[in-house]
Protein chains: 2
Amino acid sequence: MFAVDNLFLQINSTTMKQKATLKNLSKTLNISISTVSRALKNHPDISDETKKKVKELAALMDYEPNTYAINLRTNKSNILGVIVPEISNFFYHSFIAAIEEEARRLNYMLLILQSANNAETELENLKLCRMNRVAGVFVALTSHTKEIKPFLQLEETGTPIIFCDKVPDFEACNKICSADAEATIISANAILKSNKRKVLAVLGNIDLSITKKREQVFKETLENSNEQINLEITHANSSEEATHKTLQYLSNNMQRPEVIFCMSDEILTGVMKAIYQTELKVPKDISVIAISNGFLPTLFSPEITHVVTSGIDLGKLAFKRMMDYQSGKTFAQELTIRARFVEGGSL
Amino acid sequence: MFAVDNLFLQINSTTMKQKATLKNLSKTLNISISTVSRALKNHPDISDETKKKVKELAALMDYEPNTYAINLRTNKSNILGVIVPEISNFFYHSFIAAIEEEARRLNYMLLILQSANNAETELENLKLCRMNRVAGVFVALTSHTKEIKPFLQLEETGTPIIFCDKVPDFEACNKICSADAEATIISANAILKSNKRKVLAVLGNIDLSITKKREQVFKETLENSNEQINLEITHANSSEEATHKTLQYLSNNMQRPEVIFCMSDEILTGVMKAIYQTELKVPKDISVIAISNGFLPTLFSPEITHVVTSGIDLGKLAFKRMMDYQSGKTFAQELTIRARFVEGGSL
DNA sequence: TTATCCACAGCAAACATTTGCGAAAACAAT
DNA sequence: ATTGTTTTCGCAAATGTTTGCTGTGGATAA
């Protein structure tokens, strides 16, 4: 055992330059590697005296465990994969932010990958996750993904897969979705309650299952009411297209809708541009309601009445499910986050 | 050497269950591990015949190299750290998306960490990067970061650090910034050219260096003109505060500004809400110009005239700098991305 | 024949860590 | 003195890869 100054001297002369590894620590202390390892993690086998010595030197030498060695040895990691169609998106960036926050609290890290809405890239991303032996992966599928076997295959080898937002249709797997149907029903009911009878629904890409689902539920809810509703439906693949399509409906004064339902934030931006261009006033001349992530509708004035399906809530729930999975609850489960009605002034 | 069917038989019986590692490949082929390793990477020492055999089996067994082992052995990784104050932010989410795109092309992966605008968390994030032996880190500092030594220390050990957007003031380090001064000058000049003389500048947190810089340059540019400008300046720490402050200026008809300069997207949203609430018309009653990431101003009608400092461009440039660094150009360098004027209808 | 060279492949160390097992010392109980 | 127990620590194998060095045949040249 060294006196402190001796220890310091020794370190300065021989050790300071070396990388701080267990081996080097053990060498300077004349102690075995395993003892150092155990001391550092407070293993009961090790005496307090030894622990103190080891920890002091470790601090002095800025020892930081080598993640790669640990992961190699233990064959797991604290890295979670996140595969999304794109980061820079109303919904996903808050989804990712939420997961990151939770992850940090529990000492996980995130490998974030965008698929550029491309099934092939998505598969590559999955491969990267596999190669990095991630502890689990969150995935929001692209709209073109047909084949989810590779995902399920990875799950079979013990890596939890949590499908989020855009999830496969039939398979028995873990899914976290926003309450699509609920959000749509709330929107439709709000319209019914407002007594507007000429309704325009602007929906997204017609090939997406989410579009189909919302369209169907929206239609049904209106039809099942006792009201005589005049419903027009149109589809747009982009914000610009939404503007264009909406303009067509607004330009004809005879059939101008009284209220517009926007399926998503992207659609909403397009629709609002169209409304601005026609100089119609919301809600005097025309009403608007949207399903949204919550932020965008607050930018307008009056704020747009909307139904929130929050990316943040989804991220949090997904992470919770992941942790449950990690602690053994591996059975397939489908969870949804509730939709919330937010009164703006636009209806 | 096996005939194909023999090979397949053997694999089915003994190998299929095993993990696909070099060792297992070598065992089933009765070949040394090193030969397998070299064959897989087309080392000239290995005969074509052997290579073929190895590659076929590797494909059959879904061999995927173990990243941890590789990283441990080579003591480096293809993971880049990205530390930002927050992901869910007008600027940073596109910044991150841009880096991710570039990274993917060059086979890097991203470890994304938010500091929650908290210097301590930022330090933890840096530590995580260190522990994971990242190949480099992009960092946008929090507004509270005083101490950048830890960053520079990491750089000394060979890990490139690229400061982005929010960068340290004086140190000799690699910085990628948007052309703040230029963007501000362009804005100021646009105002001068518009012949509006009563100007309100709504700026962000007064403690941020970016705020100080923009304020100073904005003032100077207006003062250095020959015009008689009536400039009011106010500061807001949030979108809500911007609304509040702006309303104060708008409510008094006597001193109501003719044009409002918004320093950022966040400020812009606040200002626009104030304008909506007062029912003033843009640009008839009041003009608006902003410095922005480019997306938000297009949501209004008329679109807001703005000067773009693009997160995407910044991300791309930062990544390029990182690659240059990796290939030897380690000297400190400060790069800026140009600002671009975008005509809306709001001025 | 002998020396030289080449193509091909294996040996073994190294990377940093974890962990089951065993062992030595100290101490207590019989 | 013998046996048993506890405390404390070290040995060595194992994780999957890379890579410098070595070795073996065979071909070519002297």
Side-chain angles (χ1 to χ4, degrees), chain A residues 1 15 18-55 57-58 61-79 130-135 157-158, chain B residues 1 15 17-55 57-58 61-79 128 130-135 157-158:
Chain A
M1 182 177 126
T15 319
Q18 299 183 34
K19 282 174 304 179
T21 67
L22 290 188
K23 190 198 281 186
N24 285 334
L25 289 188
S26 85
K27 207 186 299 168
T28 41
L29 288 176
N30 273 322
I31 256 182
S32 86
I33 295 180
S34 44
T35 302
V36 177
S37 171
R38 290 186 171 106
L40 251 18
K41 38 179 54 115
N42 276 321
H43 193 287
D45 270 9
I46 310 296
S47 72
D48 288 343
E49 196 190 354
T50 307
K51 280 180 189 169
K52 184 151 169 286
K53 236 169 39 185
V54 170
K55 285 178 182 174
L57 182 62
M61 291 180 62
D62 291 322
Y63 171 74
E64 275 172 6
N66 184 317
T67 321
Y68 294 132
I70 296 175
N71 293 345
L72 174 59
R73 178 58 227 253
T74 61
N75 196 29
K76 56 182 164 179
S77 78
N78 56 173
I79 294 187
R130 245 183 291 133
M131 285 187 55
N132 281 277
R133 272 44 174 193
V134 295
T157 72
Chain B
M1 179 178 126
T15 318
K17 303 284 171 175
Q18 300 183 33
K19 284 174 303 179
T21 67
L22 290 189
K23 190 198 279 189
N24 285 335
L25 288 188
S26 84
K27 207 185 299 168
T28 41
L29 287 177
N30 273 322
I31 257 181
S32 85
I33 296 180
S34 44
T35 302
V36 177
S37 172
R38 290 188 170 104
L40 250 18
K41 38 178 54 113
N42 277 320
H43 192 288
D45 270 9
I46 310 297
S47 71
D48 288 344
E49 194 189 354
T50 307
K51 281 180 189 168
K52 183 152 172 284
K53 236 169 37 185
V54 171
K55 286 178 180 173
L57 182 62
M61 291 179 62
D62 291 322
Y63 170 75
E64 274 172 6
N66 184 318
T67 321
Y68 294 132
I70 295 175
N71 292 345
L72 174 60
R73 178 58 228 254
T74 61
N75 196 29
K76 56 183 166 178
S77 77
N78 56 171
I79 295 187
L128 289 174
R130 245 183 290 133
M131 286 186 55
N132 281 277
R133 274 39 176 196
V134 295
T157 72

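All chains are named by letter (A, B, ...) in the order of the sequence lines, taking the proteins before the strands, and each is independently numbered beginning at 1.
Looking at every heavy atom in both residues, A:Tyr68 comes nearest to B:Leu72 through CB-N, 4.0 Å.
For B:Thr50, the side chain to side chain contact (heavy atoms under 4.5 Å, CB included) partners at least two apart in sequence or on another chain are B:Ile31, B:Thr35, B:Ile46, B:Ser47, B:Val54. Residues passing the side-chain hydrogen bond (donor to acceptor under 3.5 Å, both in side chains) test with B:Ser34 are B:Ser32, sequence neighbours excluded. Qualifying side-chain hydrogen bond (donor to acceptor under 3.5 Å, both in side chains) partners for A:Ser26, counting only residues two or more places apart in sequence or in other chains: none. Not counting sequence neighbours, the partners of B:Lys76 by the side chain to side chain contact (heavy atoms under 4.5 Å, CB included) test are B:Thr74.
Closest approach to the A:Asp45 side chain among D:dC9, D:dT17, C:dC8 is made by D:dC9 (side chain taken as heavy atoms from C-beta onward). For A:Thr50, taking side-chain heavy atoms from C-beta onward, the closest of the listed nucleotides C:dA9, D:dT8, D:dT17 is D:dT8. Comparing C:dG10, C:dT19, D:dT19 by their closest approach to the side chain of A:Arg38 singles out C:dT19. Of the candidates D:dT17, D:dT19, D:dC11, D:dT19 carries the atom nearest the B:Ser34 side chain, counting heavy atoms from C-beta on.
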Listed pairs under 3.5 Å, donor-acceptor, residues 38-45 of chain A side chains, sequence neighbours left out:
residue, atom, partner, partner atom, Å
A:Asn42, OD1, A:Lys55, NZ, 2.9
A:His43, ND1, A:Asp45, N, 3.0

Can you pull every protein N or O that's under 3.5 Å from an N or O on nucleotides 14-16 of chain D?
residue, atom, partner, partner atom, Å
D:dT15, OP2, B:Lys23, NZ, 3.0
D:dG16, OP1, B:Lys19, NZ, 2.7

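Using a 4.0 Å heavy-atom criterion, one finds that B:Ile33 contacts the bases of the nucleic acid, with or without backbone contacts as well. Contact annotation for A:Lys76: no contact, since no heavy-atom pair falls under 4.0 Å across all strands.
Contact between the side-chain N/O atoms of B:Ser32 and the OP1/OP2 oxygens of C:dG10 is found at a separation under 4.0 Å.
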